[in-house]
Q: 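Dumping the structure here so I can ask a few things about it.
We're numbering straight along the sequence, starting at 1.
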Amino acid sequence: MIFVTVGTHEQQFDRLVRYMDEYANKYKEDVVIQFGYSSYKCKYATAINFLSMDEMNKYIDKADVVITHGGPSSFLSVIQKDKKVIVVPRLEKFGEHVNNHQADFLKKSAINLKECYFPYLTLRIWLR
(Lines give C-alpha, C1' and ligand atoms only; values in the text may rest on other atoms or scores of the structure.)
Protein backbone atom coordinates (compact mmCIF):
# COMPACT_ATOMS: atom_id res chain seq x y z
CA MET A 1 0.00 0.00 0.00
CA ILE A 2 1.11 3.54 -0.77
CA PHE A 3 0.19 6.23 1.74
CA VAL A 4 0.20 9.85 0.56
CA THR A 5 -0.03 12.80 2.95
CA VAL A 6 -0.25 16.44 1.96
CA GLY A 7 -0.46 17.74 5.52
CA THR A 8 -2.72 20.44 6.92
CA HIS A 9 -1.53 23.56 5.08
CA GLU A 10 -4.56 25.58 3.91
CA GLN A 11 -3.66 25.52 0.22
CA GLN A 12 -4.43 22.73 -2.22
CA PHE A 13 -1.91 20.14 -3.42
CA ASP A 14 -4.03 18.91 -6.34
CA ARG A 15 -0.93 18.18 -8.44
CA LEU A 16 0.18 15.37 -6.11
CA VAL A 17 -3.33 14.15 -5.25
CA ARG A 18 -4.35 13.89 -8.94
CA TYR A 19 -1.12 12.18 -9.93
CA MET A 20 -1.42 9.55 -7.21
CA ASP A 21 -5.13 8.97 -7.89
CA GLU A 22 -4.32 8.32 -11.55
CA TYR A 23 -1.39 6.14 -10.46
CA ALA A 24 -3.75 4.01 -8.36
CA ASN A 25 -5.90 3.37 -11.43
CA LYS A 26 -3.08 2.84 -13.91
CA TYR A 27 -1.11 0.40 -11.76
CA LYS A 28 -4.03 -1.08 -9.77
CA GLU A 29 -2.19 -0.14 -6.61
CA ASP A 30 -3.80 0.33 -3.19
CA VAL A 31 -3.29 4.06 -2.53
CA VAL A 32 -4.58 6.01 0.48
CA ILE A 33 -4.41 9.80 0.19
CA GLN A 34 -4.75 12.29 3.05
CA PHE A 35 -5.75 15.20 0.82
CA GLY A 36 -6.22 18.09 3.27
CA TYR A 37 -7.52 21.22 1.53
CA SER A 38 -7.03 19.89 -2.00
CA SER A 39 -10.04 20.32 -4.29
CA TYR A 40 -9.34 17.40 -6.64
CA LYS A 41 -11.84 14.57 -6.02
CA CYS A 42 -10.25 11.11 -6.10
CA LYS A 43 -11.86 8.49 -8.32
CA TYR A 44 -9.59 5.50 -7.65
CA ALA A 45 -7.62 6.01 -4.44
CA THR A 46 -9.04 5.99 -0.93
CA ALA A 47 -9.30 9.67 0.02
CA ILE A 48 -9.38 11.09 3.56
CA ASN A 49 -9.24 14.83 4.18
CA PHE A 50 -7.64 14.87 7.65
CA LEU A 51 -6.29 12.28 10.09
CA SER A 52 -5.40 12.33 13.76
CA MET A 53 -1.77 11.64 14.60
CA ASP A 54 -2.70 8.10 15.72
CA GLU A 55 -4.53 7.44 12.45
CA MET A 56 -1.63 8.88 10.45
CA ASN A 57 0.84 6.62 12.25
CA LYS A 58 -1.32 3.56 11.55
CA TYR A 59 -1.30 4.32 7.82
CA ILE A 60 2.45 4.96 7.85
CA ASP A 61 3.02 1.66 9.67
CA LYS A 62 0.89 -0.25 7.11
CA ALA A 63 2.43 1.43 4.06
CA ASP A 64 5.15 -0.04 1.88
CA VAL A 65 5.95 3.47 0.64
CA VAL A 66 5.00 6.89 2.01
CA ILE A 67 4.77 9.94 -0.23
CA THR A 68 4.70 13.23 1.64
CA HIS A 69 4.86 16.96 1.09
CA GLY A 70 8.13 18.73 1.94
CA GLY A 71 7.37 19.64 5.54
CA PRO A 72 10.30 18.32 7.59
CA SER A 73 8.23 16.93 10.45
CA SER A 74 6.22 14.84 7.98
CA PHE A 75 9.07 13.13 6.20
CA LEU A 76 11.42 12.89 9.20
CA SER A 77 8.76 10.98 11.15
CA VAL A 78 8.57 8.48 8.28
CA ILE A 79 12.36 8.08 8.24
CA GLN A 80 12.30 7.38 11.98
CA LYS A 81 9.95 4.45 11.27
CA ASP A 82 12.47 3.10 8.73
CA LYS A 83 9.98 3.39 5.86
CA LYS A 84 10.63 4.20 2.22
CA VAL A 85 9.72 7.83 1.66
CA ILE A 86 9.29 10.02 -1.39
CA VAL A 87 9.20 13.76 -0.69
CA VAL A 88 7.39 16.13 -3.06
CA PRO A 89 7.64 19.81 -2.10
CA ARG A 90 4.72 22.16 -2.48
CA LEU A 91 5.55 24.87 -5.04
CA GLU A 92 4.44 28.48 -5.20
CA LYS A 93 3.95 28.46 -8.99
CA PHE A 94 1.14 25.90 -8.62
CA GLY A 95 -0.58 27.80 -5.79
CA GLU A 96 0.45 25.11 -3.27
CA HIS A 97 2.29 27.41 -0.87
CA VAL A 98 3.19 31.06 -0.38
CA ASN A 99 6.81 30.48 -1.44
CA ASN A 100 9.23 27.65 -2.30
CA HIS A 101 10.69 27.11 1.17
CA GLN A 102 9.98 23.35 1.04
CA ALA A 103 12.00 22.93 -2.16
CA ASP A 104 14.73 25.23 -0.84
CA PHE A 105 14.99 23.24 2.39
CA LEU A 106 15.13 19.94 0.50
CA LYS A 107 17.88 21.19 -1.81
CA LYS A 108 20.02 22.09 1.19
CA SER A 109 19.17 18.94 3.17
CA ALA A 110 19.21 16.25 0.47
CA ILE A 111 22.88 15.43 0.88
CA ASN A 112 22.27 14.49 4.52
CA LEU A 113 19.00 12.64 3.95
CA LYS A 114 19.97 9.61 1.93
CA GLU A 115 16.89 7.71 3.19
CA CYS A 116 14.62 9.95 1.08
CA TYR A 117 13.93 10.18 -2.61
CA PHE A 118 13.37 13.72 -3.82
CA PRO A 119 11.86 13.63 -7.33
CA TYR A 120 11.94 17.43 -7.46
CA LEU A 121 15.71 17.42 -7.28
CA THR A 122 16.29 14.63 -9.79
CA LEU A 123 13.39 15.06 -12.20
CA ARG A 124 12.35 18.68 -12.28
CA ILE A 125 9.44 17.88 -14.61
CA TRP A 126 7.92 15.27 -12.26
CA LEU A 127 4.30 16.02 -11.36
CA ARG A 128 3.90 19.01 -13.67
Q: Rounded to the nearest 0.5 Å, what's the gap from CD1 on Ile79 to OG1 on Thr68? Could you check?
A: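 Rounded to the nearest 0.5 Å, the CD1-OG1 separation comes to 10.0 Å.
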Q: Tell me every residue that passes side-chain hydrogen bond (donor to acceptor under 3.5 Å, both in side chains) with Thr5, counting only those two or more places apart in sequence or in another chain.
A: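 Scan of Thr5 (side-chain hydrogen bond (donor to acceptor under 3.5 Å, both in side chains), adjacent residues dropped) gives Gln34.
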Q: Tyr37: which residues meet the ring pair (Phe, Tyr, Trp, His ring centres under 6.0 Å) condition with it, sequence neighbours left out?
A: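 Per chain and number, Tyr37 pairs via ring pair (Phe, Tyr, Trp, His ring centres under 6.0 Å) with Phe50.
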Q: Applying the 4.5 Å side-chain criterion to the ILVMFWY set and letting contacts propagate, would Val78 and Ile48 be lumped into a single cluster?
A: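 Cluster IDs for Val78 and Ile48 match.
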Q: Can you sort out the partners of Tyr23 under ring pair (Phe, Tyr, Trp, His ring centres under 6.0 Å), two or more places apart, ordered by chain and number?
A: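 For Tyr23, the residues satisfying ring pair (Phe, Tyr, Trp, His ring centres under 6.0 Å) (neighbours in sequence not counted) are Tyr27.
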Q: Side chain to side chain contact (heavy atoms under 4.5 Å, CB included) with Ser52: which residues, sequence neighbours excluded?
A: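 Side chain to side chain contact (heavy atoms under 4.5 Å, CB included) check on Ser52 returns Asp54, Glu55.
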Q: Calculate, to the nearest 0.5 Å, the distance between atoms CE and CD1 belonging to Met20 and Ile2 respectively.
A: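 Rounded to the nearest 0.5 Å, the CE-CD1 separation comes to 4.5 Å.
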Q: Among residues two or more places apart or on two chains, list those pairs meeting side-chain hydrogen bond (donor to acceptor under 3.5 Å, both in side chains) that have a residue in residues 56-67.
A: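 Residue pairs with at least one partner in residues 56-67: Asp61-Lys81.
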Q: Can you get from Phe35 to Val65 by hopping between Ile, Leu, Val, Met, Phe, Trp and Tyr side chains that sit under 4.5 Å apart?
A: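 Yes, same cluster.
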Q: Roughly how far, to the nearest 0.5 Å, is CE of Met1 from OG1 of Thr46?
A: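 If we round to the nearest 0.5 Å, Thr46:OG1 and Met1:CE are 9.0 Å apart.
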Q: Where do Val6 and Gly36 come nearest, in terms of heavy atoms and distance?
A: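 Closest pair (atom of Val6, atom of Gly36, distance): CG2-N, 3.8 Å.
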Q: So which heavy atom on Val17 is nearest to which on Ile33, and how close?
A: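 Minimum heavy-atom separation between Val17 and Ile33: O-CD1, 3.8 Å.
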Q: I want to check something: taking the side chain as every heavy atom from C-beta on, are Phe13 and Val88 in contact at a cut-off of under 4.5 Å?
A: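 Yes - at least one pair of side-chain heavy atoms lies under 4.5 Å apart.
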Q: In the structure I gave you, are the side-chain heavy atoms of Phe3 and Leu51 within less than 4.5 Å of one another anywhere?
A: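 A side-chain contact exists here, since the closest heavy-atom pair is under 4.5 Å.
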Q: What is the distance from atom OG1 of Thr8 to atom CD of Glu10, rounded to the nearest 0.5 Å?
A: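 Taking OG1 in Thr8 and CD in Glu10, the distance rounds to 7.0 Å.
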Q: Only pairs at least two apart or in different chains count here, so list each salt bridge (Lys or Arg N to Asp or Glu O under 4.0 Å) that has a residue in residues 17-34.
A: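 Salt bridge (Lys or Arg N to Asp or Glu O under 4.0 Å) check on residues 17-34 returns no pairs.
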